[in-house]
Each structure stands twice: as C-alpha cells, then as structure tokens.
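Below is one structure, written out as structure tokens; comments come after it.
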Amino acid sequence: MELKKINENVWELPETYKQGMKVKGNIYLNDELYEGLQKDVFEQIANVACLPGIQKYSLAMPDCHYGYGFCIGGVAAFDERYGVISPGGVGFDINCGVRLIKTNLSKKDVEDKTKLKELLNEIFTNVPSGLGSKGKIRLDNNQIDTVLEEGVEWAIKEGYGTKKDLERIEENGRMKEADASFVSESAKKRGKPQLGSLGSGNHFLEIQYVDEIFNEETAKVYGVEKDQLMIMVHTGSRGLGHQICADYLRRMENATKKYNIKIPDRQLACAPINSEEGEAYFKAMSCGANYAWANRQLITHWVREAFEKVFKNSYENMGMEIVYDVAHNIAKKETHIVDGKEKSVIVHRKGATRAFGPNHSEIPEIYRPVGQPVIIPGDMGTASYLLSGTELAMEKTFGSTAHGAGRTLSRVKALQMYKSSEVQERLEKEGILVMADSKGVIAEECPEAYKDIEAVANVCDNSGIALKVSRLKPLGVVKG
DNA sequence: ATGTTC
C-alpha cells in the first residue's frame, strides 16, 4: 500500500494500513529518503500504532530504519493512566546520546597537525575505547548503586566536573525515578568496570570545528561561532544498559501475557505503565540513563585533562563548557497537549532527540529564548549538526526530532567494500585524523556506510521539527 | 548498541 504524502516532508500511514491500528502513522521524510525506505519500517510504525493507549500518531523521524520491535527513529507517546511502556521502544543502549562541549579555541589552534595528533593521542590514552573497554576507575557495590541513582550528581561529588555542568544536561543528568534495587546483579557486574569508557560501533569522540552558522541569533545564545573548536562525545550505557534491556524484555514477555495485551510482534513486549512490571522497567531504565550520563561526564573530565596537558592551560581558561547533552534512546514522563488539553504521557524516543521549543520549563533558562540545543551526529567524514527545538515539534512530534544519519550499508557490507587503512588515508588527505581501537571499525564506519546527514538535517529544518543552527566538521576522530 | 547466540 502506498503512503499518503501530506506535504513535502510528511508522509501519512493510514489507519487502514494494518488491522488494529489505533492511530495513524506520521513519517518525516523527503522524496529521496522515502524512496530509500524498506517496507519493514512502515510495518513497524503500524505495529506501534496498535499498542494500547497510544496518542495522536505513531511517529518516525527522517533517519528511521528497521530496529528491534520499534524502528530506530521511532517516537510514540502513551497515556499515563492506561498506556504501555516497552523496552523495545527505548532500545538496547539505554540513553545512548550525545554531548557537545565547546571551547574558546579555534580551528587555527590545531592547524599544526602534530598538535592535533598529540591531542588525539592524549585523548585516546585517557579515554578507554573499544569493545569490552574498561574505564579507569573501580567501583564497589555501593558506588555503582549511587551512580545508578544519582547519575552526574555522583560524578560531580567525586570531582569529575562542576555544578555548572549539571545545568547543561537533559534532566540535569539524573532521572529521579531511578532505583538501583530494580537492576540485576549481572547488569551491575557488567557496568562496574566500564564506567567512563567509549565503547565501539558508531560511538565516537570527535574534535570538530564550526563550519557554518545557519542561525546567528540562536548560535549566539548557545555560545557557538564560526571556526570554534568543539568536542562531541557519542556513547551510551555500555553493557549495563544492554543487560537491563535484555533482563526486562524477558520479564515483559510474561507481563504482556499476564495483562492480556495483544501485540502484532513479539518484540513489542510491553506492560501497562502503572503495572508492577511497567514501573519496575521505568526505574531500571532510569538507572541505565543515569549511568550513561555519568559515563559521558567522566569522559568529559578526561577530555578536559587531555586539553589541559597539550595546551598547558586550564580547561576553564579554554572555555570548555558543555553546550548540551541529549539522550537518543529513552522513555520520559512528560506533559503534552492532546486534543487541546494538557495530558501526562510516556514518550518513547528510540533513535530520536528531544527537541523542546522556546520557553519550555524543562530546558536550561539560558536557552529558553530559542529552544533547547539538538545534537545530531553524522558520519566521521562529513559533518554533524547542531539544531534547536521548536514549538512545532511540541505540537507535532511530542517535542522530538531526528538523531543521526542512519546506516545505509550493513557493517558486513561496508567491511567487504572498504579497507580501514584506505579510508583512514583518504580522510587524512581531507584533513581528518582517525584513531581506532580495532582494525575493522574504520571501514565499518566509513562515510559511505551512512545516509546523507544533510538530508536528515534539512527535513528537520524544512518541516520545522528542529531548526538548523550550525554544521560541525570533524578534524580528529576517536573510534572504538 | 552488546563479554557480536548464557
């Protein structure tokens, strides 16, 4: 069945697409991205539309693609009284997300490539990366529980940053509902040695520069200007979040039966938000989210140290403040307008970024005139984007927008087609230094393996669910 | 994404 094109950037999946749909689907795309989509993504969007208590639309962002149960790039909100919560709507890497750190340095300060190399080497040594990578700190059983319940507040107490950092993080780096007694011992065991590590796959740490400004006013509010040196950190909750997801998927399968919820796909296992199982998952997921924020905070601390060592200056003097830190995989209790009335809902964002608009009480005061910063990483050879949240996003997408470029080649395919050493050489000629923990990751993550980040950012901008603020280009890349 | 199928 054909989808209905509502306007240049919105496609509608009618309720007749599949039996049992309670709401329509709405997908944010352009013609090119629409052509590139497989049918299985539409099926997943339709499946989510069948879940109890879903509000308004089953949504998909421009970077949507097939995922576990819910598609990546999927957004769905459920009524807080009779709706459901689903681990598949959050994803395995709970609070996989991105942090953008600014500096008052400029592109010129690393024009000397030996300087850039020195910086990358220092970061590579100071921030553990790669599959199964372990952090530099050792937590005991009490400490891991504190990390899970306090998130970045724990990190600040331990000296990894300042109170000012807290203000520049979604939820101030702490989900209050977190309760470590709902996280399994095996999840904690995996999480303990990994706190403060980057991980592998699409996770990265980049030194970037501001290549272009699209909105001077918003850029000024964010403290962003042309040629400025930036650091972007993309990582999540490592093995801990993965284990929490696996644990609760199993528990949710039983709950789905227990509460007699009809689901069109087993991977959509869920429970009523107000049930014992639903509440337990939310508390555990919140722990995973806090761990991920603490993880990005420790990494920030070690990046600051690396800059201090190389530039022989304090990080405060170098203006190394957090612009913002956003979650890409999370479920949140939020208030949105539905049928003209304020309503409490659980918003699932799986591969989607919160994009709250101007004057929202949950965004930092300094950003309220223009809306929250939205950080969208691209591939290591092209660019990443900084955008701002909008009133239209509040109205249309429960305050959400895209989260990245999305893969176009599978890892296996990319490995067959490209050679890491060749990709590395080519990028170096373009002025981008890449360091990786493993041999294959550069080929797997090569620019050709990703969709066009420009198209994704432009669909957000054109449709109005986030506005472009600036483009960031990579200079130095650390991969797992 | 992930001690890449405890």
Side-chain angles (χ1 to χ4, degrees), chain A residues 44 63-74 86-99 128-135 139 144 183-205 232-251 253 266-267 284-285 287-289 291-293 295-296 299 326-331 348-353 376-380 403-416 436-441 443-445 449-451 478-480:
Chain A
Q44 291 195 314
D63 48 340
C64 63
H65 57 99
Y66 187 82
Y68 184 93
F70 289 59
C71 70
I72 318 282
S86 172
V90 171
F92 275 86
D93 191 3
I94 296 165
N95 192 4
C96 177
V98 198
R99 172 176 295 204
S129 63
L131 185 67
S133 52
K134 291 178 175 174
L139 301 172
I144 184 70
V183 176
S184 69
E185 285 309 312
S186 63
K188 290 176 190 175
K189 195 179 163 195
R190 287 178 72 174
K192 271 194 282 181
Q194 293 184 330
L195 190 68
S197 67
L198 199 58
S200 67
N202 70 357
H203 289 164
F204 67 73
L205 194 157
M232 188 175 278
V233 181
H234 179 203
T235 184
S237 50
R238 312 283 287 104
L240 177 121
H242 192 272
Q243 190 63 49
I244 291 172
C245 182
D247 290 343
Y248 278 89
L249 274 172
R250 208 173 40 190
R251 201 168 157 192
E253 288 204 2
R266 223 181 119 183
Q267 296 185 348
M285 181 217 70
C287 288
Y291 179 97
W293 275 314
N295 193 29
R296 293 196 283 276
I299 290 171
V326 294
H328 283 168
N329 282 5
I330 203 161
H348 293 65
R349 295 190 183 91
K350 183 192 190 175
T353 317
I376 304 190
D379 65 76
M380 60 181 163
H403 87 305
R407 292 194 77 87
T408 176
L409 291 178
S410 71
R411 293 192 176 279
V412 175
K413 193 104 191 166
L415 264 179
Q416 288 166 349
D437 177 75
S438 66
K439 226 173 150 49
V441 77
E444 282 180 14
E445 291 287 313
Y450 281 89
K451 281 187 204 165
V478 173
K479 295 288 293 184

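Below, chain A is the first sequence line, B the second, and so on; all start at residue 1.
- Contact between the side-chain N/O atoms of Ser200(A) and the OP1/OP2 oxygens of dT2(B) is found at a separation under 4.0 Å.
- At a threshold of 4.0 Å, the pair Arg407(A)-Glu445(A) counts as salt-bridged, since one of the basic side-chain nitrogens sits closer than that to a carboxylate oxygen.
- Gln194(A) comes within contact range of the sugar-phosphate backbone alone, with a heavy-atom separation under 4.0 Å but no base atom that close.
- For Arg411(A) and dT4(B), the shortest distance from a side-chain N or O to OP1 or OP2 is not below 4.0 Å.
- How far OH of Tyr291(A) is from CD1 of Ile244(A): 10.0 Å, rounded to the nearest 0.5 Å.
- Across all strands shown, Gly239(A) has heavy atoms under 4.0 Å from sugar-phosphate atoms exclusively, and none from any base.
- Protein atom CD1 of Ile72(A) is 13 Å distant from nucleotide atom C1' of dT2(B), rounded to whole Å.
- Rounded to whole Å, atom P of dT2(B) lies 17 Å from atom CG of Leu249(A).
- Here the CD1-NE2 distance, from Ile376(A) to His234(A), works out to 11.5 Å after rounding to the nearest 0.5 Å.
- Atom-to-atom, CG of Leu415(A) to P of dT4(B) comes out at 17 Å; the value is rounded to the nearest Å.
- Rounded to whole angstrom, the span from the NE2 atom of His242(A) across to the P atom of dC6(B) amounts to 10 Å.
- Following rounding to the nearest Å, Glu444(A) (CD) and dT2(B) (C1') show an atom-to-atom distance of 13 Å.
- Between Asp247(A) atom CG and dT2(B) atom P there is a gap of 17 Å when expressed in whole angstrom units.
- Here OG1 of Thr353(A) is found 7.0 Å from NE2 of His403(A). Values are rounded to the nearest 0.5 Å.
- Atom CD in Gln243(A) sits roughly 11 Å away from atom P in dT4(B) (whole-Å rounding).
- Separating the CD1 atom of Ile244(A) from the P atom of dT2(B) is a distance of 14 Å, rounded to the nearest angstrom.
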